[in-house]
Asker: 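Take this structure, written in structure tokens, and hold onto it; I'll ask about it next.
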Amino acid sequence: MMCDNLFFKIVWVIVYGITAYLTFKGGDMMMAMYWMAGGMFAQALVDLIYHFWPKKKC
């Protein structure tokens with residue numbers, strides 16, 4: 001991430017935690033794949049927005 005933002009780090013930990021839970025509980029692998037794809041897309045989108053955000057001290 002371009003800017004150290006604790007809020008977004010917590011969001012990503014929660015999203016990937018849900019993905020891990022759905023993966024390892026054994027039942028709903030398709031939902032885990034949706035969470036993983038959505039989480040990765042959201043993280044990439046936030047990183048892109050931070051890249052073009054006006055530069056300031058983080």
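If you read the sequence from its start, that first residue is 1, and numbering goes on from there.
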Asker: Quick check for you: to the nearest 0.5 Å, what is the distance between Leu45 atom CG and Tyr50 atom OH?
Answerer: 12.5 Å
Asker: Tell me whether Phe7 shares a hydrophobic cluster with Trp12, the cluster being built from Ile, Leu, Val, Met, Phe, Trp, Tyr side chains joined at under 4.5 Å.
Answerer: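 Yes, Phe7 connects to Trp12 through the hydrophobic network.
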Asker: Do Val13 and Val46 sit in one hydrophobic cluster, given that two such residues count as connected whenever their side-chain heavy atoms are within less than 4.5 Å of each other, even indirectly?
Answerer: no
Asker: So which atom in Val15 and which in Gly39 form the shortest heavy-atom distance, rounded to 0.1 Å?
Answerer: CG1-CA, 3.6 Å
Asker: Would a hydrophobic clustering, with Ile, Leu, Val, Met, Phe, Trp and Tyr connected at side-chain separations under 4.5 Å, put Met30 with Trp35?
Answerer: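 Same cluster: Met30 reaches Trp35 through Ile, Leu, Val, Met, Phe, Trp or Tyr contacts under 4.5 Å.
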Asker: Treat each ILVMFWY residue as a node, draw an edge where side-chain heavy atoms are under 4.5 Å apart, and state whether Phe24 and Met29 are in one component.
Answerer: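 No, because Phe24 and Met29 fall into different hydrophobic clusters, even though each may have its own neighbours under 4.5 Å.
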Asker: Are Tyr16 and Met33 co-members of a hydrophobic cluster defined by side-chain heavy atoms under 4.5 Å apart?
Answerer: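 In one cluster with Met33: Tyr16, yes.
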Asker: So how far is it from Thr19 OG1 to Met40 CE, rounded to the nearest 0.5 Å?
Answerer: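 Going from OG1 on Thr19 over to CE on Met40, the span is 10.0 Å.
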Asker: Atom CE in Met36, atom CE in Met31: separation rounded to 0.5 Å?
Answerer: 14.5 Å
